[in-house]
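Single-structure report; data block below.
In what follows, chains are A, B, ... by sequence order, proteins preceding strands, each numbered from 1.
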Amino acid sequence: MLTQKPKGTNDLFPPEVFLWEEIERKFREVCRRFGYQEIRTPIFEHTELFERGVGETTDIVEKEMYTFLDKAGRSITLRPEGTAAVIRAYVEAKKYADPGPAKYFYIGPMFRYDKPQAGRLRQFHQLGVEILGSDEPMVDAEVILMALEFYREIGLNDVELRLNSVGCPECRKSLREKLIEYFEERKDELCDLCKARLNRNPLRILDCKNESCQKIAQNAPTPLSELCPDCREHFTEVRKYLDLAQVKYVIDPFLVRGLDYYTKTAFEFVVPEIGAQSSIGGGGRYNGLIREIGGPDQPGIGFALGEERTILALKRKSEEIFVPVPDLFVCLLGEEAREYGFPLINELRRLNLWVETDYQGKSLKAQLKAANRLKAKAALIIGEEELKSGRFILRDLETGEQVELSRDELIKKYAKERGKDNA
RNA sequence: GUGGGUGUAGCCCAACGGUUAGGAGGCGCAUGACUGUGGAUCAUGACAGUGUGGGUUCAAAUCCCAUCACCCACCCCA
(Lines give C-alpha, C1' and ligand atoms only; values in the text may rest on other atoms or scores of the structure.)
Protein backbone atom coordinates (compact mmCIF):
# COMPACT_ATOMS: atom_id res chain seq x y z
CA MET A 1 0.00 0.00 0.00
CA LEU A 2 2.72 2.37 1.02
CA THR A 3 4.33 2.33 -2.40
CA GLN A 4 1.19 1.93 -4.41
CA LYS A 5 -0.73 4.74 -5.99
CA PRO A 6 -4.48 4.95 -5.37
CA LYS A 7 -6.61 3.10 -7.90
CA GLY A 8 -7.32 5.04 -11.03
CA THR A 9 -4.51 7.54 -10.61
CA ASN A 10 -1.28 7.89 -12.52
CA ASP A 11 2.25 9.04 -11.97
CA LEU A 12 3.71 10.89 -14.86
CA PHE A 13 7.41 10.57 -15.63
CA PRO A 14 9.62 11.96 -18.33
CA PRO A 15 9.54 11.64 -21.26
CA GLU A 16 5.76 11.22 -21.11
CA VAL A 17 5.45 14.44 -19.20
CA PHE A 18 7.04 16.38 -22.07
CA LEU A 19 4.05 15.47 -24.17
CA TRP A 20 1.75 16.86 -21.50
CA GLU A 21 3.72 20.08 -21.33
CA GLU A 22 3.53 20.40 -25.07
CA ILE A 23 -0.21 19.85 -25.18
CA GLU A 24 -0.83 22.35 -22.43
CA ARG A 25 1.44 24.85 -24.10
CA LYS A 26 -0.43 24.55 -27.38
CA PHE A 27 -3.76 24.82 -25.60
CA ARG A 28 -2.69 28.03 -23.89
CA GLU A 29 -1.50 29.30 -27.22
CA VAL A 30 -4.83 28.67 -28.91
CA CYS A 31 -6.68 30.23 -25.96
CA ARG A 32 -4.53 33.31 -26.27
CA ARG A 33 -5.41 33.66 -29.94
CA PHE A 34 -9.12 33.44 -29.18
CA GLY A 35 -8.84 35.84 -26.27
CA TYR A 36 -9.50 33.45 -23.41
CA GLN A 37 -7.67 33.98 -20.15
CA GLU A 38 -6.78 31.52 -17.46
CA ILE A 39 -8.86 31.09 -14.35
CA ARG A 40 -7.77 28.95 -11.43
CA THR A 41 -10.36 27.76 -8.98
CA PRO A 42 -10.03 25.37 -6.03
CA ILE A 43 -9.83 21.69 -6.64
CA PHE A 44 -12.51 21.14 -4.00
CA GLU A 45 -15.78 22.96 -3.47
CA HIS A 46 -18.83 22.73 -1.27
CA THR A 47 -20.73 19.63 -2.26
CA GLU A 48 -23.94 21.57 -2.93
CA LEU A 49 -22.28 23.43 -5.75
CA PHE A 50 -21.95 20.27 -7.81
CA GLU A 51 -25.30 18.90 -6.70
CA ARG A 52 -26.88 22.06 -8.02
CA GLY A 53 -24.58 22.77 -10.90
CA VAL A 54 -24.10 19.33 -12.36
CA GLY A 55 -27.57 18.03 -11.58
CA GLU A 56 -29.00 15.79 -8.89
CA THR A 57 -29.98 13.03 -11.28
CA THR A 58 -26.68 12.71 -13.09
CA ASP A 59 -24.42 9.71 -12.61
CA ILE A 60 -21.71 12.07 -11.50
CA VAL A 61 -23.67 13.35 -8.54
CA GLU A 62 -25.44 10.11 -7.78
CA LYS A 63 -22.43 7.87 -7.56
CA GLU A 64 -19.16 9.31 -8.76
CA MET A 65 -18.24 12.14 -6.43
CA TYR A 66 -15.31 12.17 -4.05
CA THR A 67 -17.14 13.64 -1.09
CA PHE A 68 -15.89 13.93 2.48
CA LEU A 69 -16.47 15.94 5.62
CA ASP A 70 -13.72 18.34 6.60
CA LYS A 71 -12.71 18.87 10.21
CA ALA A 72 -15.43 21.44 10.74
CA GLY A 73 -18.07 19.08 9.41
CA ARG A 74 -18.55 20.77 6.04
CA SER A 75 -19.34 18.52 3.12
CA ILE A 76 -16.58 18.96 0.58
CA THR A 77 -16.27 17.44 -2.89
CA LEU A 78 -13.29 17.09 -5.20
CA ARG A 79 -14.38 18.72 -8.43
CA PRO A 80 -15.77 16.23 -10.95
CA GLU A 81 -15.80 18.84 -13.73
CA GLY A 82 -14.77 22.42 -14.27
CA THR A 83 -17.79 24.48 -15.25
CA ALA A 84 -19.61 24.70 -11.94
CA ALA A 85 -16.59 26.09 -10.13
CA VAL A 86 -15.80 28.64 -12.82
CA ILE A 87 -19.33 29.96 -12.64
CA ARG A 88 -19.28 29.97 -8.87
CA ALA A 89 -16.11 32.05 -8.96
CA TYR A 90 -17.59 34.35 -11.60
CA VAL A 91 -20.70 34.94 -9.56
CA GLU A 92 -18.88 35.24 -6.25
CA ALA A 93 -16.52 37.89 -7.61
CA LYS A 94 -19.44 39.62 -9.38
CA LYS A 95 -17.57 39.52 -12.66
CA TYR A 96 -20.93 39.62 -14.39
CA ALA A 97 -20.90 43.36 -13.73
CA ASP A 98 -17.88 43.75 -16.03
CA PRO A 99 -18.47 44.42 -19.70
CA GLY A 100 -18.84 40.97 -21.17
CA PRO A 101 -18.68 38.39 -22.31
CA ALA A 102 -16.11 36.83 -19.96
CA LYS A 103 -13.81 34.28 -21.55
CA TYR A 104 -11.93 31.86 -19.33
CA PHE A 105 -9.87 28.76 -19.79
CA TYR A 106 -8.61 26.25 -17.27
CA ILE A 107 -6.32 23.24 -17.12
CA GLY A 108 -6.32 20.79 -14.28
CA PRO A 109 -7.29 17.57 -12.59
CA MET A 110 -10.87 16.38 -12.11
CA PHE A 111 -12.06 13.51 -9.93
CA ARG A 112 -14.73 10.91 -10.42
CA TYR A 113 -15.12 7.72 -8.46
CA ASP A 114 -15.66 5.42 -11.41
CA LYS A 115 -14.25 2.08 -12.40
CA PRO A 116 -11.07 2.67 -14.38
CA GLN A 117 -10.63 1.37 -17.91
CA ALA A 118 -9.01 2.51 -21.14
CA GLY A 119 -9.29 6.30 -21.22
CA ARG A 120 -10.99 6.50 -17.87
CA LEU A 121 -9.33 7.35 -14.60
CA ARG A 122 -10.40 8.53 -11.19
CA GLN A 123 -8.13 11.49 -11.41
CA PHE A 124 -8.06 12.76 -14.96
CA HIS A 125 -7.27 16.07 -16.55
CA GLN A 126 -9.29 18.49 -18.56
CA LEU A 127 -8.53 21.45 -20.74
CA GLY A 128 -11.59 23.63 -20.77
CA VAL A 129 -13.03 26.99 -21.67
CA GLU A 130 -16.13 28.89 -20.67
CA ILE A 131 -17.59 31.99 -22.22
CA LEU A 132 -20.18 33.68 -20.06
CA GLY A 133 -22.67 36.35 -21.02
CA SER A 134 -23.49 35.75 -24.66
CA ASP A 135 -26.20 33.78 -26.39
CA GLU A 136 -24.98 34.55 -29.88
CA PRO A 137 -24.86 31.53 -32.20
CA MET A 138 -21.57 32.86 -33.53
CA VAL A 139 -20.12 32.26 -30.08
CA ASP A 140 -21.24 28.63 -30.15
CA ALA A 141 -19.56 28.17 -33.49
CA GLU A 142 -16.42 29.93 -32.34
CA VAL A 143 -16.08 27.78 -29.25
CA ILE A 144 -16.35 24.64 -31.35
CA LEU A 145 -13.95 26.00 -33.91
CA MET A 146 -11.51 26.80 -31.16
CA ALA A 147 -11.43 23.21 -29.91
CA LEU A 148 -10.89 22.00 -33.46
CA GLU A 149 -8.10 24.51 -33.93
CA PHE A 150 -6.44 23.10 -30.85
CA TYR A 151 -6.74 19.54 -32.14
CA ARG A 152 -5.35 20.63 -35.47
CA GLU A 153 -2.49 22.39 -33.74
CA ILE A 154 -1.38 19.23 -31.93
CA GLY A 155 -1.70 17.13 -35.06
CA LEU A 156 -5.10 15.52 -34.56
CA ASN A 157 -6.71 16.20 -37.90
CA ASP A 158 -9.28 13.43 -37.93
CA VAL A 159 -11.43 14.32 -34.95
CA GLU A 160 -15.10 13.85 -35.67
CA LEU A 161 -17.44 16.60 -34.50
CA ARG A 162 -20.89 15.48 -33.43
CA LEU A 163 -23.47 18.17 -33.07
CA ASN A 164 -26.92 18.43 -31.64
CA SER A 165 -29.30 20.84 -29.99
CA VAL A 166 -31.01 19.74 -26.81
CA GLY A 167 -33.29 22.77 -26.70
CA CYS A 168 -34.30 25.04 -23.88
CA PRO A 169 -36.46 24.25 -20.82
CA GLU A 170 -39.50 25.22 -22.80
CA CYS A 171 -39.02 22.84 -25.71
CA ARG A 172 -37.74 20.23 -23.30
CA LYS A 173 -40.96 20.36 -21.38
CA SER A 174 -42.99 19.50 -24.42
CA LEU A 175 -40.34 17.01 -25.52
CA ARG A 176 -40.46 15.33 -22.16
CA GLU A 177 -44.18 14.87 -22.38
CA LYS A 178 -43.97 13.49 -25.87
CA LEU A 179 -41.12 11.18 -24.96
CA ILE A 180 -42.89 9.77 -21.95
CA GLU A 181 -45.98 9.28 -24.02
CA TYR A 182 -44.01 7.59 -26.79
CA PHE A 183 -41.99 5.29 -24.58
CA GLU A 184 -44.88 4.49 -22.26
CA GLU A 185 -46.60 2.82 -25.18
CA ARG A 186 -43.54 0.65 -25.81
CA LYS A 187 -42.44 0.22 -22.25
CA ASP A 188 -42.24 -3.57 -22.41
CA GLU A 189 -39.44 -3.49 -24.94
CA LEU A 190 -37.21 -1.16 -22.94
CA CYS A 191 -34.30 -2.36 -20.83
CA ASP A 192 -34.65 -2.22 -17.06
CA LEU A 193 -32.50 0.81 -16.73
CA CYS A 194 -34.58 2.72 -19.25
CA LYS A 195 -37.80 1.68 -17.59
CA ALA A 196 -36.43 3.36 -14.52
CA ARG A 197 -35.31 6.38 -16.52
CA LEU A 198 -38.68 6.75 -18.15
CA ASN A 199 -40.22 9.18 -15.72
CA ARG A 200 -37.12 10.62 -14.22
CA ASN A 201 -35.02 11.42 -17.24
CA PRO A 202 -36.56 10.13 -20.48
CA LEU A 203 -34.05 12.08 -22.53
CA ARG A 204 -31.38 9.60 -21.64
CA ILE A 205 -33.23 6.71 -23.20
CA LEU A 206 -32.35 8.23 -26.51
CA ASP A 207 -28.71 7.31 -26.23
CA CYS A 208 -29.10 4.02 -24.41
CA LYS A 209 -26.77 1.45 -25.96
CA ASN A 210 -29.21 -1.39 -25.50
CA GLU A 211 -30.26 -2.76 -28.88
CA SER A 212 -33.95 -2.93 -28.22
CA CYS A 213 -33.98 0.55 -26.74
CA GLN A 214 -32.05 1.92 -29.67
CA LYS A 215 -34.52 0.43 -32.06
CA ILE A 216 -37.39 2.11 -30.32
CA ALA A 217 -35.48 5.34 -29.99
CA GLN A 218 -34.99 5.47 -33.76
CA ASN A 219 -38.49 6.81 -34.23
CA ALA A 220 -38.88 8.62 -30.97
CA PRO A 221 -39.26 12.35 -30.83
CA THR A 222 -35.83 13.93 -30.34
CA PRO A 223 -34.75 17.24 -28.92
CA LEU A 224 -34.03 18.25 -32.46
CA SER A 225 -37.48 17.46 -33.76
CA GLU A 226 -39.16 19.27 -30.90
CA LEU A 227 -37.18 22.49 -30.82
CA CYS A 228 -39.11 25.67 -30.20
CA PRO A 229 -38.81 28.32 -32.91
CA ASP A 230 -36.18 30.24 -30.98
CA CYS A 231 -33.97 27.20 -30.42
CA ARG A 232 -34.44 26.04 -33.96
CA GLU A 233 -33.33 29.43 -35.23
CA HIS A 234 -30.33 29.36 -32.92
CA PHE A 235 -29.27 25.95 -34.15
CA THR A 236 -29.61 26.96 -37.77
CA GLU A 237 -27.41 29.96 -37.11
CA VAL A 238 -24.77 27.89 -35.36
CA ARG A 239 -24.66 25.57 -38.32
CA LYS A 240 -24.44 28.51 -40.65
CA TYR A 241 -21.34 29.79 -38.92
CA LEU A 242 -19.76 26.36 -38.81
CA ASP A 243 -20.41 26.01 -42.52
CA LEU A 244 -18.88 29.40 -43.15
CA ALA A 245 -15.72 28.22 -41.43
CA GLN A 246 -15.93 24.97 -43.44
CA VAL A 247 -16.18 22.88 -40.32
CA LYS A 248 -17.33 19.34 -40.98
CA TYR A 249 -19.76 17.81 -38.53
CA VAL A 250 -22.27 15.05 -38.07
CA ILE A 251 -25.69 15.86 -36.70
CA ASP A 252 -26.40 13.37 -33.97
CA PRO A 253 -29.97 13.72 -32.73
CA PHE A 254 -29.23 11.19 -30.02
CA LEU A 255 -26.34 13.08 -28.58
CA VAL A 256 -27.37 13.85 -25.04
CA ARG A 257 -24.66 15.01 -22.76
CA GLY A 258 -24.43 13.63 -19.28
CA LEU A 259 -24.69 16.85 -17.40
CA ASP A 260 -28.13 18.27 -16.75
CA TYR A 261 -27.33 21.86 -17.38
CA TYR A 262 -26.97 21.82 -21.14
CA THR A 263 -29.35 23.84 -23.31
CA LYS A 264 -29.44 24.34 -27.05
CA THR A 265 -26.06 23.48 -28.59
CA ALA A 266 -24.41 20.23 -27.49
CA PHE A 267 -21.34 18.75 -29.13
CA GLU A 268 -18.76 16.05 -28.77
CA PHE A 269 -15.36 15.30 -30.30
CA VAL A 270 -14.87 11.66 -31.14
CA VAL A 271 -11.95 9.45 -32.10
CA PRO A 272 -13.23 5.87 -32.35
CA GLU A 273 -9.95 3.94 -32.38
CA ILE A 274 -8.93 4.60 -28.79
CA GLY A 275 -11.25 2.11 -27.11
CA ALA A 276 -14.75 2.26 -25.73
CA GLN A 277 -14.27 5.75 -24.32
CA SER A 278 -14.10 7.35 -27.72
CA SER A 279 -15.24 10.80 -26.79
CA ILE A 280 -12.12 12.88 -26.31
CA GLY A 281 -13.94 16.08 -25.52
CA GLY A 282 -17.32 17.69 -25.38
CA GLY A 283 -19.32 20.67 -24.37
CA GLY A 284 -22.36 22.75 -24.90
CA ARG A 285 -24.45 25.69 -23.95
CA TYR A 286 -25.82 26.11 -20.44
CA ASN A 287 -28.13 29.07 -20.40
CA GLY A 288 -29.83 28.39 -17.09
CA LEU A 289 -26.78 27.47 -15.08
CA ILE A 290 -25.53 30.85 -13.92
CA ARG A 291 -28.90 31.70 -12.48
CA GLU A 292 -29.18 28.24 -10.98
CA ILE A 293 -25.98 28.89 -9.09
CA GLY A 294 -27.26 32.18 -7.76
CA GLY A 295 -26.03 34.64 -10.34
CA PRO A 296 -27.86 36.77 -12.85
CA ASP A 297 -29.75 35.19 -15.70
CA GLN A 298 -26.83 35.08 -18.10
CA PRO A 299 -26.15 32.53 -20.79
CA GLY A 300 -22.92 30.57 -21.16
CA ILE A 301 -21.20 27.95 -23.23
CA GLY A 302 -18.02 25.95 -22.92
CA PHE A 303 -16.19 22.73 -23.52
CA ALA A 304 -13.89 20.34 -21.72
CA LEU A 305 -11.31 18.21 -23.46
CA GLY A 306 -9.91 15.11 -21.81
CA GLU A 307 -6.16 15.38 -21.69
CA GLU A 308 -5.52 11.65 -21.23
CA ARG A 309 -7.85 10.76 -24.07
CA THR A 310 -6.34 13.37 -26.31
CA ILE A 311 -2.97 11.76 -25.67
CA LEU A 312 -4.38 8.32 -26.42
CA ALA A 313 -5.67 9.63 -29.72
CA LEU A 314 -2.31 11.19 -30.44
CA LYS A 315 -0.41 8.01 -29.67
CA ARG A 316 -2.39 6.10 -32.22
CA LYS A 317 -0.26 7.85 -34.80
CA SER A 318 3.15 7.78 -33.25
CA GLU A 319 4.73 6.72 -30.02
CA GLU A 320 7.60 9.10 -30.40
CA ILE A 321 7.87 11.87 -27.93
CA PHE A 322 10.14 14.82 -28.40
CA VAL A 323 12.82 14.61 -25.73
CA PRO A 324 14.86 17.69 -24.93
CA VAL A 325 18.62 17.16 -24.72
CA PRO A 326 21.39 18.95 -22.80
CA ASP A 327 23.41 21.56 -24.66
CA LEU A 328 26.60 20.65 -22.90
CA PHE A 329 28.02 17.99 -20.62
CA VAL A 330 30.99 19.12 -18.57
CA CYS A 331 33.43 16.34 -17.71
CA LEU A 332 35.30 17.10 -14.53
CA LEU A 333 38.42 15.10 -13.74
CA GLY A 334 39.71 15.43 -10.21
CA GLU A 335 38.94 17.70 -7.31
CA GLU A 336 40.73 20.72 -8.75
CA ALA A 337 38.70 20.44 -11.93
CA ARG A 338 35.48 20.29 -9.95
CA GLU A 339 36.37 23.42 -8.03
CA TYR A 340 37.17 25.18 -11.27
CA GLY A 341 34.18 23.79 -13.10
CA PHE A 342 31.47 24.43 -10.55
CA PRO A 343 31.27 28.20 -11.04
CA LEU A 344 31.95 27.87 -14.76
CA ILE A 345 28.96 25.60 -15.16
CA ASN A 346 26.80 28.14 -13.44
CA GLU A 347 28.05 30.86 -15.73
CA LEU A 348 27.16 28.75 -18.74
CA ARG A 349 23.72 28.10 -17.33
CA ARG A 350 23.18 31.81 -17.07
CA LEU A 351 23.53 31.88 -20.82
CA ASN A 352 20.36 29.80 -20.79
CA LEU A 353 22.14 26.59 -21.65
CA TRP A 354 21.17 23.23 -20.27
CA VAL A 355 24.42 22.07 -18.76
CA GLU A 356 24.91 18.65 -17.19
CA THR A 357 27.89 17.30 -15.34
CA ASP A 358 29.07 14.31 -13.37
CA TYR A 359 28.58 14.39 -9.62
CA GLN A 360 30.30 11.16 -8.71
CA GLY A 361 33.94 11.53 -9.77
CA LYS A 362 33.66 8.92 -12.49
CA SER A 363 36.31 8.22 -15.10
CA LEU A 364 36.37 10.34 -18.24
CA LYS A 365 35.14 7.39 -20.18
CA ALA A 366 32.19 6.91 -17.88
CA GLN A 367 31.40 10.62 -18.00
CA LEU A 368 31.38 10.67 -21.78
CA LYS A 369 29.20 7.63 -21.72
CA ALA A 370 26.77 9.45 -19.48
CA ALA A 371 26.89 12.45 -21.81
CA ASN A 372 26.12 10.20 -24.71
CA ARG A 373 23.25 8.59 -22.91
CA LEU A 374 21.68 11.97 -22.33
CA LYS A 375 22.31 12.77 -25.99
CA ALA A 376 24.15 15.92 -24.96
CA LYS A 377 25.13 18.00 -27.96
CA ALA A 378 28.68 18.56 -26.76
CA ALA A 379 31.11 17.70 -24.01
CA LEU A 380 33.60 20.00 -22.33
CA ILE A 381 36.60 18.31 -20.78
CA ILE A 382 38.29 19.83 -17.77
CA GLY A 383 41.23 17.91 -16.33
CA GLU A 384 44.72 18.52 -15.00
CA GLU A 385 46.22 19.25 -18.41
CA GLU A 386 43.51 21.73 -19.28
CA LEU A 387 43.83 23.54 -15.98
CA LYS A 388 47.57 23.87 -16.55
CA SER A 389 47.28 25.15 -20.10
CA GLY A 390 44.04 27.10 -19.71
CA ARG A 391 42.77 25.52 -22.93
CA PHE A 392 39.78 23.21 -22.69
CA ILE A 393 38.59 20.55 -25.04
CA LEU A 394 35.13 21.03 -26.46
CA ARG A 395 33.95 17.92 -28.24
CA ASP A 396 30.96 17.82 -30.53
CA LEU A 397 29.27 14.58 -29.62
CA GLU A 398 27.38 14.27 -32.86
CA THR A 399 30.29 14.69 -35.25
CA GLY A 400 33.11 13.68 -32.92
CA GLU A 401 35.08 16.79 -33.83
CA GLN A 402 36.80 18.63 -31.06
CA VAL A 403 38.51 21.96 -30.55
CA GLU A 404 40.64 23.51 -27.85
CA LEU A 405 39.62 26.88 -26.51
CA SER A 406 40.13 29.17 -23.56
CA ARG A 407 37.49 29.93 -21.01
CA ASP A 408 36.72 33.30 -22.60
CA GLU A 409 36.43 31.79 -26.04
CA LEU A 410 34.05 29.20 -24.69
CA ILE A 411 31.76 31.73 -23.07
CA LYS A 412 31.83 33.94 -26.14
CA LYS A 413 31.02 31.04 -28.42
CA TYR A 414 27.93 30.09 -26.47
CA ALA A 415 26.84 33.66 -25.87
CA LYS A 416 26.95 34.18 -29.61
CA GLU A 417 25.01 31.00 -30.33
CA ARG A 418 22.34 31.95 -27.86
CA GLY A 419 22.14 35.36 -29.45
CA LYS A 420 21.45 33.73 -32.77
CA ASP A 421 18.74 31.56 -31.26
CA ASN A 422 16.93 34.50 -29.85
CA ALA A 423 17.07 36.49 -33.05
C1' G B 1 -21.78 -1.37 -9.46
C1' U B 2 -21.46 -6.09 -13.06
C1' G B 3 -18.40 -9.31 -16.13
C1' G B 4 -13.71 -11.23 -18.57
C1' G B 5 -8.28 -11.30 -18.63
C1' U B 6 -3.46 -10.52 -16.36
C1' G B 7 0.34 -10.18 -12.13
C1' U B 8 7.81 -13.84 -12.81
C1' A B 9 14.87 -9.28 -12.32
C1' G B 10 14.76 -1.80 -13.82
C1' C B 11 11.83 -3.10 -18.60
C1' C B 12 10.03 -7.01 -22.20
C1' C B 13 9.19 -12.20 -22.13
C1' A B 14 10.00 -18.00 -21.32
C1' A B 15 9.08 -21.97 -17.92
C1' C B 16 2.46 -23.93 -16.63
C1' G B 17 3.31 -29.82 -10.62
C1' G B 18 9.24 -32.29 -9.65
C1' U B 19 16.36 -33.17 -11.20
C1' U B 20 20.70 -27.77 -6.69
C1' A B 21 13.07 -23.59 -3.96
C1' G B 22 14.68 -23.45 -9.76
C1' G B 23 16.18 -21.12 -14.93
C1' A B 24 17.63 -19.64 -20.90
C1' G B 25 16.90 -15.08 -23.65
C1' G B 26 16.41 -9.72 -25.35
C1' C B 27 16.78 -4.45 -23.77
C1' G B 28 19.00 -1.74 -20.00
C1' C B 29 22.94 -1.24 -16.09
C1' A B 30 28.27 -1.79 -14.12
C1' U B 31 33.41 -3.03 -15.04
C1' G B 32 37.24 -4.27 -18.44
C1' A B 33 39.58 -5.02 -23.45
C1' C B 34 40.88 1.04 -24.86
C1' U B 35 45.82 3.14 -17.34
C1' G B 36 42.25 10.98 -20.05
C1' U B 37 37.82 10.45 -25.05
C1' G B 38 31.20 8.35 -25.84
C1' G B 39 28.07 5.73 -29.53
C1' A B 40 29.96 -0.35 -32.53
C1' U B 41 32.03 -5.25 -30.86
C1' C B 42 33.57 -8.81 -27.29
C1' A B 43 34.23 -10.53 -22.23
C1' U B 44 32.90 -10.48 -17.22
C1' G B 45 29.43 -9.15 -13.50
C1' A B 46 25.19 -7.34 -10.61
C1' C B 47 19.91 -7.45 -9.89
C1' A B 48 14.11 -11.36 -9.10
C1' G B 49 12.59 -16.41 -5.91
C1' U B 50 7.28 -15.65 -9.31
C1' G B 51 1.54 -9.14 -6.40
C1' U B 52 -0.20 -10.46 -1.19
C1' G B 53 -2.47 -14.07 2.23
C1' G B 54 -4.26 -18.81 2.83
C1' G B 55 -5.08 -23.93 1.06
C1' U B 56 -4.26 -28.75 -1.80
C1' U B 57 0.24 -31.91 -2.47
C1' C B 58 5.75 -35.93 -0.75
C1' A B 59 6.60 -31.54 -4.04
C1' A B 60 3.51 -25.17 -6.48
C1' A B 61 5.25 -19.48 -10.84
C1' U B 62 2.71 -23.85 -12.09
C1' C B 63 -3.74 -26.40 -9.09
C1' C B 64 -7.73 -24.12 -5.64
C1' C B 65 -9.70 -19.96 -2.64
C1' A B 66 -9.45 -15.02 -1.02
C1' U B 67 -7.46 -10.24 -1.49
C1' C B 68 -4.98 -6.14 -3.92
C1' A B 69 -3.48 -3.82 -8.34
C1' C B 70 -3.48 -3.36 -13.54
C1' C B 71 -5.78 -4.20 -18.40
C1' C B 72 -10.42 -4.74 -21.19
C1' A B 73 -15.74 -4.45 -21.74
C1' C B 74 -20.81 -3.02 -19.82
C1' C B 75 -22.79 1.40 -17.44
C1' C B 76 -21.48 6.35 -17.91
C1' C B 77 -18.45 9.97 -19.56
C1' A B 78 -13.33 13.39 -20.29
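One atom, CD1 of Ile60(A), and another, P of rC76(B), lie 13 Å apart when rounded to the nearest Å. Between Asp114(A) atom CG and rC76(B) atom P there is a gap of 11 Å when expressed in whole angstrom units. Rounded to whole angstrom, the span from the NZ atom of Lys7(A) across to the C1' atom of rC68(B) amounts to 8 Å. The interatomic distance linking Asp59(A) (CG) with rC75(B) (P) rounds to 11 Å, in whole Å. When rounded to the nearest whole Å, the span between CZ of Phe13(A) and P of rC11(B) equals 12 Å. Rounded to whole Å, atom C1' of rA78(B) lies 11 Å from atom CH2 of Trp20(A). Atom CD1 of Ile280(A) and atom C1' of rC77(B) are 14 Å apart (whole Å). The interatomic distance linking Leu255(A) (CG) with rC77(B) (C1') rounds to 12 Å, in whole Å.
No hydrogens or angles considered: nothing links the side chains of Tyr66(A) and Arg79(A) as a donor-acceptor pair under 3.5 Å. For the residue pair Ser165(A)/Thr265(A), the side-chain donor-acceptor check at 3.5 Å is not satisfied. For the residue pair Glu356(A)/Trp354(A), the side-chain donor-acceptor check at 3.5 Å is satisfied.
Cation-pi geometry between Arg186(A) and Tyr182(A) is met: the NZ or CZ atom falls under 6.0 Å from the ring centre, inside 45° of the normal. Cation-pi contact between Arg407(A) and Tyr340(A): present, with separation from the ring centre below 6.0 Å and deviation from the ring axis of at most 45°.
For the side-chain contact (heavy atoms from CB on, under 4.5 Å) with Lys264(A), the qualifying choice from Ile301(A), Asp135(A), Val166(A) is Asp135(A), the only one to do so.
The residue among Pro6(A) and Gly119(A) whose nearest nucleotide of RNA chain B is located toward the 5' end is Pro6(A). Where Gly275(A) and Glu308(A) each meet RNA chain B at their nearest nucleotide, the meeting point lying more 5' is that of Gly275(A).
When heavy atoms are screened at a 4.0 angstrom cut-off, Ala371(A) is found touching no nucleic acid atom at all. Gly283(A) comes within 4.0 angstrom of nothing in the nucleic acid, heavy atoms only. Base contact: Glu384(A) has a heavy atom under 4.0 Å from a base atom.
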Quiz prompt | Heavy-atom protein contacts under 4.0 Å, nucleotides 37-49 of chain B, coded B base, S sugar-phosphate only, - none | solution = BBB----------
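A donor-acceptor contact under 3.5 Å is not formed by the side chain of Glu64(A) with the base of rC75(B). For a distance-only test at 3.5 Å, the side chain of Arg120(A) qualifies as a donor-acceptor partner of the base of rC75(B).
An OP1 or OP2 oxygen of rC77(B) is reached within less than 4.0 angstrom by no side-chain nitrogen or oxygen of Gln277(A).
Nearest heavy atom pair, residue Leu121(A) against residue Gly8(A), reads CB-O, 3.4 Å.
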Quiz item: Using Watson-Crick and G-U wobble pairs with both distances under 3.5 Å, what is the 5'-to-3' dot-bracket string of RNA chain B, with [ ] for crossing pairs and | for pairs outside the strand?
Solution: (((((((..(((.....[......))).(((((.......))))).....(((((..]....))))))))))))....
Would you tabulate the side-chain donor-acceptor contacts of residues 81-92 of chain A under 3.5 Å, counting partners in other chains and residues two or more places apart, or write 'none'?
residue  : atom : partner   : partner atom : Å
Glu81(A) : OE1  : Thr83(A)  : N            : 3.2
Glu81(A) : OE1  : Tyr261(A) : OH           : 2.7
Glu81(A) : OE2  : Thr83(A)  : N            : 3.4
Glu81(A) : OE2  : Ala84(A)  : N            : 2.8
Thr83(A) : OG1  : Glu130(A) : OE2          : 2.7
Thr83(A) : OG1  : Tyr261(A) : OH           : 3.4
Arg88(A) : NE   : Glu92(A)  : OE1          : 3.1
Arg88(A) : NH1  : Glu45(A)  : OE1          : 2.9
Arg88(A) : NH1  : Glu45(A)  : OE2          : 2.4
Arg88(A) : NH2  : Glu92(A)  : OE1          : 3.3
Tyr90(A) : OH   : Gln298(A) : OE1          : 2.5

